[in-house]
Amino acid sequence: MHDLNYFREHLDLFEQMARHRGIELDLDGFRALDRERRELITAAERSKAERNKASEEIARLKKAGQDASGLIAEMKRVSDRIKQDDERIALLDERLREFLLIVPNLPHPSVPVGRGEQDNVEVRRWGTPPQFSFAPRPHWEVGERAGILDLPRAAIIAGTRFALYKGAGARLERALANFFLDLHTQEHGYTEILPPFVANRASLVGTGHLPKFAGDMFRLEGTGLWLTPTAEVQLTNLYRDETLDADALPIKVCAWTACFRSEAGAAGKDTRGIARQHQFQKVELFKFTRPEQSYDELESLVRDAEAVLQRLGIHYRVVQLCTADIGFASAKTYDLEVWLPSTGAFKEISSCSNCEAFQARRAAIRYRPKGGKSDFVHTLNGSGLAVGRTWLAVVENYQQTDGSIVVPEALRPYMGTDRIPAPAAAKA
RNA sequence: GGAGGAGUGGCCGAGCGGUUGAAGGCGGCGGUCUUGAAAACCGCUAGGCCCGAAAGGGUCUCGGGGGUUCGAAUCCCUCCUCCUCCGCCA
């Protein structure tokens, strides 16, 4: 959320932002609301000043044993008027808040202006696509043939867009998560957090998921709780309503969690396989930083995520998202995209964003520089990585002619084997 | 889930319905003193919003919300959180 005063004084910036992101913003509506609110506040406060003065006078008269009934009667009328004004002001405050809560963040000046994902800019590539002597199969075929993935049974248990991993497939999922966590905690300096998998309304408003994106999440009926769509939610709210010690920044945390998305708007995309699921696992990287260091920290966050793919030896590229494609809360976002041999294309596997003070303002996360006034921190988040999509990338990139899957070296300690056996050898 | 207790400024802790934004202490900042430091002493030490070019003025905030009243930290209702005891449970 944006600061009201800043918003009011920089309407031109927000107009430009709306154009660049391709959204509608009712700025005329804002102006009218804002003007009426301020006029009413001025009037109400004048009345309150009058009442406060009269109250002192009443106290003085009573102490002196004199009659104050005339003044009291007059103040009764003033108080009634104040009450009416205050009610109207509260209503306008609420409207204003509702408006500001759905205004997205301002993109950083370095973000390319664009109209959609076709305008995203490739920043760099790592590695090369693997060579196959056969036509590489999509991951669901490789997985089902090897007996490590069972989507039909997942559909019976829960429905479509849920996955069931089996045997080495389940272990691969677990191995990936452990490998990610060990790398980030032992080599990149993140502290591991294991948070709740549900979040309350205030937490989701803090990150920007509510009120605008309620339709993309699962709500737990009758509880006021939601299944978390990303650990970004829990990690952002780790310090909601707190003031952090400036010397403690940057604070780097990571978390493995399940993530749940109803993806109401995604029907028809990625319908085969496990790329787009209602439930998936993710290891999230997260930083609380001082404003002046956040963009350096974003670059290193991206490198931390990239390190995972480098260790796994999977070809990928880094893409900077354009203004039309960055998320609601983000000021700047890099995506990591892995190479998928079955489609001969890159697929998003991580998204790393600097939200600047956008979420910190919503969630009231501050820091206090020594001897200075407290200010909002910057929050950064990134997938390090999405486990399910990494599973898929490993299976596709390391599939063999006979249907077996070579385990990347970095995963062998976690898998206890260097190969997931071929279908013929796999048990049903 | 049941019963009881508590929520005041960065922290501790006072606070008869009427100069209480809030005593006192601690902590923090500045100063005096000192070669330096400590001690001692003196002063300063919340934020939001509105008006204003500024200086400054006004207003709101004592867990949240609502009510009573001319006036609420102080009275009433309600919600939340924490603590204690009981129950249930992996």
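Keep in mind it's a predicted model, so treat the numbers as computed, not measured. What you see below is based on every heavy atom in this structure, not just the backbone, and it leaves out hydrogens, waters and symmetry mates.
Contacts of A:Asp67 classified as side chain to side chain donor-acceptor pair (under 3.5 Å), with partners at least two apart in sequence or in another chain: A:Ser69. Here A:Arg81 pairs with nothing under the salt bridge (charged side-chain N to carboxylate O under 4.0 Å, His left out) rule; sequence neighbours left out. Listed by chain and number, the residues in a salt bridge (charged side-chain N to carboxylate O under 4.0 Å, His left out) with A:Arg201 amount to none (sequence neighbours excluded). Applying the side chain to side chain contact (heavy atoms under 4.5 Å, CB included) criterion to A:Asp375, with sequence neighbours excluded, gives A:Pro291, A:Tyr367. Among residues two or more places apart in sequence or in another chain, the salt bridge (charged side-chain N to carboxylate O under 4.0 Å, His left out) test is passed with A:Glu356 by none. Not counting sequence neighbours, the partners of A:Pro229 by the side chain to side chain contact (heavy atoms under 4.5 Å, CB included) test are A:Leu204, A:His209, A:Met217, A:Val233, A:Arg261.
If you measure from atom CZ of A:Arg240 to atom P of B:rC80, you get 16 Å, rounded to the nearest angstrom. Protein atom CZ of A:Arg97 is 14 Å distant from nucleotide atom C1' of B:rG48, rounded to whole Å. Going from atom CD of A:Glu50 over to atom C1' of B:rC60 covers 18 Å, rounded to whole Å. Between A:Glu36 atom CD and B:rC50 atom P the separation is 15 Å, expressed in whole Å. The CZ-P distance, from A:Phe376 to B:rG47, rounds to 13 Å in whole Å. Atom CG of A:Asp241 and atom C1' of B:rC82 are 16 Å apart (whole Å). Summarising the geometry, the separation between CD on A:Glu94 and C1' on B:rG65 is reported as 13 Å, rounded to the nearest angstrom. Whole-Å rounding puts the A:Leu225 CG to B:rC80 C1' distance at 14 Å.
For B:rU59, the OP1/OP2 oxygens have a side-chain nitrogen or oxygen of A:Asn52 closer than 4.0 Å. Between A:Arg366 and B:rA46 there is no side-chain polar atom (N or O) within less than 4.0 angstrom of OP1 or OP2.
For the pairing with A:Trp391, the ring-ring contact (aromatic ring centres under 6.0 Å, His included) check across A:Tyr165, A:Phe280, A:Phe180 returns one residue only, A:Tyr165.
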Report all interatomic pairs (protein N or O, nucleotide N or O of nucleotides 16-19 of chain B) with separations under 3.5 Å.
residue : atom : partner : partner atom : Å
B:rG18  : O6   : A:Lys62 : NZ           : 3.3

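Annotation: salt bridge (Lys or Arg N to Asp or Glu O under 4.0 Å) contacts involving residues 223-234 of chain A, sequence neighbours excluded, are absent. Every pair passing salt bridge (Lys or Arg N to Asp or Glu O under 4.0 Å) that includes a residue from residues 86-109 of chain A is listed here, sequence neighbours excluded: A:Glu36-A:Arg88, A:Arg37-A:Asp93, A:Lys48-A:Asp86.
Nucleotides B:rG10 and B:rA22 are separated by 15 Å at their P atoms, to the nearest Å. Across the P atoms, B:rG25 and B:rU78 are found 39 Å apart, a figure rounded to whole Å. Taking atom C1' in both B:rA72 and B:rU68, the straight-line distance is 10 Å, to the nearest Å. B:rA54 and B:rC42 have their P atoms separated by 38 Å, with the value rounded to a whole Å. Atom C1' of B:rG9 sits at a distance of 14 Å from the matching atom of B:rG15, rounded to the whole Å. Remark: the separation of the P atoms in B:rC75 and B:rG17 is 8 Å, to the nearest Å. Remark: the separation of the P atoms in B:rG18 and B:rG71 is 15 Å, to the nearest Å. Atom C1' of B:rA73 sits at a distance of 11 Å from the matching atom of B:rU61, rounded to the whole Å.
Under 4.0 Å is where a charged nitrogen must lie from a carboxylate oxygen, and between A:Glu74 and A:Arg77 no such pair does. Note on A:Arg31 versus A:Asp28: salt bridge recorded, some NZ/NE/NH1/NH2 to OD/OE distance being below 4.0 Å.
Looking at RNA chain B, the stems built from 3 or more consecutive Watson-Crick or G-U wobble pairs, each pair with its key distances under 3.5 Å, are B:1-7 with B:80-86, B:10-12 with B:24-26, B:27-32 with B:40-45, B:46-51 with B:56-61, B:63-67 with B:75-79.
Using bins of under 30°, 30° to 60° and over 60° for the plane-to-plane angle, the ring pair A:Phe7/A:Phe14 lands in the tilted bin. Under the 30°/60° scheme for interplanar angles, the aromatic rings of A:His278 and A:Phe218 are found to stand perpendicular.
A heavy atom lying under 4.0 Å from RNA chain B marks the following residues of residues 39-47 of chain A, by number: A:Ile41, A:Thr42, A:Glu45. Contacts between residues 74-85 of chain A and RNA chain B, counted as heavy-atom distances below 4.0 Å, involve A:Met75, A:Lys76, A:Ser79, A:Lys83.
Among the protein residues, A:Arg60 comes within range of no part of the nucleic acid, since none of its heavy atoms lies under 4.0 Å from any strand.
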Verdict with reasoning, A:Gln234 to A:Thr228, per side chain to side chain donor-acceptor pair (under 3.5 Å) | CA-CA 8 Å; A:Gln234 297 98 306; A:Thr228 184; 2.8 Å; yes
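Taking the six-membered ring wherever Trp is involved, the centroid distance between the rings of A:Phe328 and A:Phe358 falls below 6.0 Å.
Sequence order on RNA chain B of the closest nucleotides to A:Lys53 and A:Asn5 puts A:Asn5 first from the 5' end.
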